[in-house]
Every structure is written in C-alpha cells, then in structure tokens.
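Remember, predicted model here, so these are calculated numbers, not experimental data. Below, chain A is the first sequence line, B the second, and so on; all start at residue 1.
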2 protein chains.
Amino acid sequence: MTAPTHPTHPRRSDATRAAILRAARERFAADGYERATIRAIAADARIDPSMVMRYYGSKEGLFAAAAEFDLRLPDLAAVSPEQLGEVLVRHFLARWEGDETLVALLRAASTNPGATERMRSIFADQLTAAVAAFGTDPALTARRAGLVASQVLGLALTRYIVRLPPMVDMDPEELVSWIAPTLQRYLTGLSPT
Amino acid sequence: MTAPTHPTHPRRSDATRAAILRAARERFAADGYERATIRAIAADARIDPSMVMRYYGSKEGLFAAAAEFDLRLPDLAAVSPEQLGEVLVRHFLARWEGDETLVALLRAASTNPGATERMRSIFADQLTAAVAAFGTDPALTARRAGLVASQVLGLALTRYIVRLPPMVDMDPEELVSWIAPTLQRYLTGLSPT
DNA sequence: AGCGTTTGCCAACACTTGTTGGCAACAGTC
DNA sequence: GACTGTTGCCAACAAGTGTTGGCAAACGCT
C-alpha cells in the first residue's frame, strides 16, 4: 500500500501518510463514510487535519486511497471443479477477517456513491474474471458471478455489519460447510431456465 | 402506519404527518440516514423543518417511525415442505419491491446503530419465529434463519443498493429459480457437521 | 362571538463539517 | 552558512446540521 507509483524518491512523510491511511481504514470501517470525520482520523493518526488534506486532497480522495482493494482471487482454473465453492468461501472468509478494508468499503457502499461504484466494479470485474477463467457458458458467467457475490456479500453483511447472532457465532468451518454448496451450484449448476 | 395507538381523536395534522413519513422513507431509502437531512425531507413534504421536530421529536425519532416494518412472513407450517425455499424467495422479492421501507432500513443499517439494531431484531425475531414454526431441530433453528437472512439480505444488497448489473437485470422468476434451492437447503438440509 | 388549542412558519441558536492560507521549524544541497 | 523545498500546526472560514422558541393564523368548541 501507498506504493510509490513511479521510482520516485521516498518521501520523509511516508510514515505520516501510512498512519493516516491506517487510521482512515479503521474509522471508515467502524463508522462508515459520513460519520468518519477527517478530524477524528487525524486525531487517531496524531497529526493535524490539514495534513490529511495536503496529502490526499479531499475526504473523497482519502477514501479512494483507503479503499484500494484487491480480492486476490485464486486462479479457479487450477482448482478441481468440485471444490470451487469450498475454495471460494474459504478465500472470502479469510479476506474479510484479515483486512478491514473490505468492511470499510461495504459500510460506505450503502451511502457513498463513489464507494458503491467501487464495490460494484470490484465484484463485476475481479469476480467475473475469475469465474470466466474456468470457462462455462459465457452467456451465464456474469449471472453466476452475481449470484456468488450476493451470497458472499450477504455473509459479510450479516456477520460483520448487522452482526446477526447466529452468523457471528458460527465458526468459519461451519460457515464453509453450509455455504460452499451454494456457491458450488451458482458456479457449476445447470441454468434453471 | 401512523396508526393511532389508542382510540384517540383523529388529528387535523394527520395528513401532514403522513406526508412527512412518506418523504422520510424516500429520502432515507435514497440517501441513507446521515445524508437524508430533515430540511430536505421537510421540503419534499412541503412543510417547515420545525414541524418534523414537533411531530417526531428528533431525527432518530423520525427514522424510528419511518422504519417501522413487518416482514409479514407467511405461516411456513402451512407450506408444503419442499416448497419452502421458493415461497420464501418470492415473498421477500415482493416485499422488497413493493415497499421502500426495507431499502431505507438496509441503507441506514450500515451506518446508524439504531437502524442496525432494528434490522437485527427484525431478522432475528420475525424470521427465526417463522423458521421455528415448521419445527426442525430447535438447536439449528437460529442458524438456519441466519443463513436464510444472509442470502436474502445479500440479494437485496446486490440488487437494490450496489446494483450489480447481473443481479439487477435478472427478472424475479430467474432469481427465484436460482435462489430457492439455496434457501430450501438452509431450511431443511442436513446439518453439515 | 370568544375561548383555548392546534398547526404552521420564521429566525435564530450552537455546533460540526470539510477545507484553506499563512507561518514556524526542519532537512538536505550547493 | 544561505537557500529551497518539505513537514507540521494554528486559526479561521463558509456552509450545513439538528434543534428551539416565539408568534400569527386557523380551527373547534361552547
């Protein structure tokens, strides 16, 4: 993260930039876009609010930087076809739990148009590409990816945002065994038409 | 809605109250809790912002009134067991499309603690009760309901909030035929443990 | 008609928000 | 050591927020 886009000289303020980004992700994840104030983020990072503006231009710019995200989906073509569902749930669960960026993005996506758009493109681009990679009927690929997204995002919503007790209490393995067959069918099941 | 709790005299301002409530639901559904301002809601309802305060006490109070919601779940004990999934998806789809209250609630649930709590209780109470009504292993009831909620809320999130193209484009019947088997298994499938 | 109550609007309050400009301290270079 | 650019903070702004109190008109009742 905060990788210099070009072989530019490392800046003396890189530590500050990173601190801002870390605080921003925490606040956005905990409070959503509008309730997370620049002042609060700056206080967490122990710097002045004006620094946030200098380094990230605006609140929108800060969010864009903090919500940079890659699903890091594995190559599904290399997975044995009957294990696709299981591999995917495991991967998503690990990704949600290990990085609060996605929670921040999901919280913000409900109210902030920019975040909505990013969420949409992440799942429309990255997930659709991964689903296309193991090649079923191209006409169905987008729909399969959309259905997978609906279950995976629903899992995240109920477990990390709404915190429905049963969804919070189940351990990852139980979730995998319940949900994997769902994704498996969405990915490889016959079109029900 | 806005039903007089007691046999009190109908008030001359009932029309205004209803207009406020209608405008509030629209704004909350479109913008979420924090971006929906009392001034904007009042403007939509063509009255002064101070009226909102007089009739609903506070913004939180207004939201609480606007987000009053009943899932109106059918009696699942009266449904033939192999059709549970299908009946449920149909019911939820109709409920989402016909009433923007749930969309308002879902949008707000990501950022507003009160809305989160209400969402949680709606699905924890109403849905769990419906699932319990056709009586499987009580130890699994809450988990089954939670899983159903995860898929149903994921459907709503991707279709009405994030607006993932494939989820928006599919017509209700196709969604039903894809998703019904998922709910069916969550409701009646064997515990995978 | 005269009464108290209800409905509505206006103006203002106290506060928070994102954002800006200026100014001191510091680093590194010639 | 002087010069240039960077890093940081302070103070302030303009705009928008939820919320409040008071006042005029309309209403419903006797």
For atom [atom1] of [X] and atom [atom2] of [N], their distance in whole Å:
X	N	atom1	atom2	value
B/Ile38	D/dG18	CD1	C1'	6 Å
B/Met51	C/dT7	CE	P	7 Å
A/Arg17	D/dG8	CZ	C1'	13 Å
A/Leu62	C/dT17	CG	P	15 Å
B/Tyr56	C/dG8	OH	P	12 Å
B/Arg39	C/dA11	CZ	C1'	11 Å
B/Tyr55	D/dT20	OH	P	16 Å
A/Asp14	C/dA27	CG	C1'	15 Å

Selection from [options] that lies nearest to any side-chain heavy atom of [X]:
X	options	answer
A/Thr37	C/dG8, C/dC10, C/dG18	C/dG18
B/Arg54	D/dG8, D/dG22, C/dT19	D/dG22
B/Lys59	D/dG18, D/dC9, C/dC9	D/dG18
A/Asp48	D/dC9, C/dT19, C/dG8	D/dC9

Can [X] and [Y] be counted as having a side-chain donor-acceptor contact under 3.5 angstrom?
X	Y	answer
A/Thr111	A/Glu34	yes
A/Tyr186	B/Thr182	yes
A/Ser110	B/Ser110	yes

- Query: Counting N and O atoms only, with roles assigned by atom type, does the side chain of B/Arg107 sit under 3.5 Å from a partner on the main chain of B/Ala29, one being a donor and the other an acceptor?
  - Reply: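 Pair found, side chain donor or acceptor close to backbone of B/Ala29.
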- Message: Can you work out whether B/Ile47 or A/Glu60 has the more 5'-proximal nearest nucleotide on DNA chain C?
- Response: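 This one resolves to B/Ile47.
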- Closer than 4.0 Å, any side-chain N/O of B/Ser50 to the OP1 or OP2 of D/dG21?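 No, because none of the side-chain N or O atoms of B/Ser50 sits under 4.0 Å from OP1 or OP2 of D/dG21.
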- Message: Tell me which one of A/Thr128, A/Val131, A/Leu183, A/Leu127 satisfies side-chain contact (heavy atoms from CB on, under 4.5 Å) with A/Arg144.
- Response: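 In the set A/Thr128, A/Val131, A/Leu183, A/Leu127, the residue that makes a side-chain contact (heavy atoms from CB on, under 4.5 Å) with A/Arg144 is A/Val131.
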